[in-house]
Enquirer: 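Below is the structure I would like to discuss, written out as structure tokens.
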Amino acid sequence: MQILFYFVIVIHVIVSLFLIGVVLLQQGRSADLAGAFGGQGSQTAFGPRAAANVLTRLTTWSAIIFMITSLSLTALFVRSGHSHSVLDDVKPASSSAPAKPAK
């Protein structure tokens, strides 16, 4: 079970870095130099929409894989029985009497 957990962590980190890179490579609509002057041309080798379609598909699939690995890591962590909350070590606040109103 531990090997599967670490394997999913490695896949999750790789997909996270890939997702960051793919998102940063994408251009907004009319983000090239021709778009700044109202032109419809593009500076990409694939044409104005072909590269965007490839990057959009890569972004979609990497986001899906990221969500699946996130849910898998949560399920594996809970099943392992090592679930520990941050609030487990917090001591409850001491109850004190309210201050008496001034006369």
Enquirer: Measuring from Ile9:CD1 to Tyr6:OH, what's the distance to the nearest 0.5 Å?
Expert: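 The CD1 atom of Ile9 sits 6.5 Å away from the OH atom of Tyr6.
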
Enquirer: For Ile65, which residues count as a side chain to side chain contact (heavy atoms under 4.5 Å, CB included) partner, sequence neighbours excluded?
Expert: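 In terms of side chain to side chain contact (heavy atoms under 4.5 Å, CB included), with neighbours along the sequence ignored, Ile65 is linked to Val15, Thr69.
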
Enquirer: Could you see if Trp61 belongs to whatever hydrophobic cluster contains Leu19? Use Ile, Leu, Val, Met, Phe, Trp, Tyr and a side-chain cutoff under 4.5 Å.
Expert: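 Different clusters: Trp61 never reaches Leu19 through Ile, Leu, Val, Met, Phe, Trp or Tyr contacts under 4.5 Å.
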
Enquirer: Quick check on the hydrophobic clustering: are Val8 and Phe77 connected, directly or via other members, by side-chain heavy-atom contacts under 4.5 Å?
Expert: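 Yes, Val8 and Phe77 fall within the same hydrophobic cluster.
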
Enquirer: Working to the nearest 0.5 Å, report the span between OG of Ser72 and CZ of Phe7.
Expert: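 It is 11.0 Å, given to the nearest 0.5 Å.
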
Enquirer: Can you tell me how far CG of Leu55 sits from OG of Ser62, rounded to the nearest 0.5 angstrom?
Expert: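 CG of Leu55 is found 10.0 Å from OG of Ser62.
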
Enquirer: So how far is it from Phe66 CZ to Ile20 CD1, rounded to the nearest 0.5 Å?
Expert: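 If I round to the nearest 0.5 Å, the distance is 8.5 Å.
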
Enquirer: Find the distance between CD1 (Ile68) and NE2 (His12) and round it off to the nearest 0.5 Å.
Expert: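 Reported to 0.5 Å precision, the distance equals 12.0 Å.
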
Enquirer: Quick one: CG on Leu4 to OG on Ser80, what's the gap to the nearest 0.5 Å?
Expert: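 Separation between the atoms: 11.5 Å.
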
Enquirer: Should we count CG of Leu24 as having more than 12 external heavy atoms under 6.0 Å?
Expert: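 Enclosed: over 12 neighbouring heavy atoms sit under 6.0 Å from CG of Leu24.
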
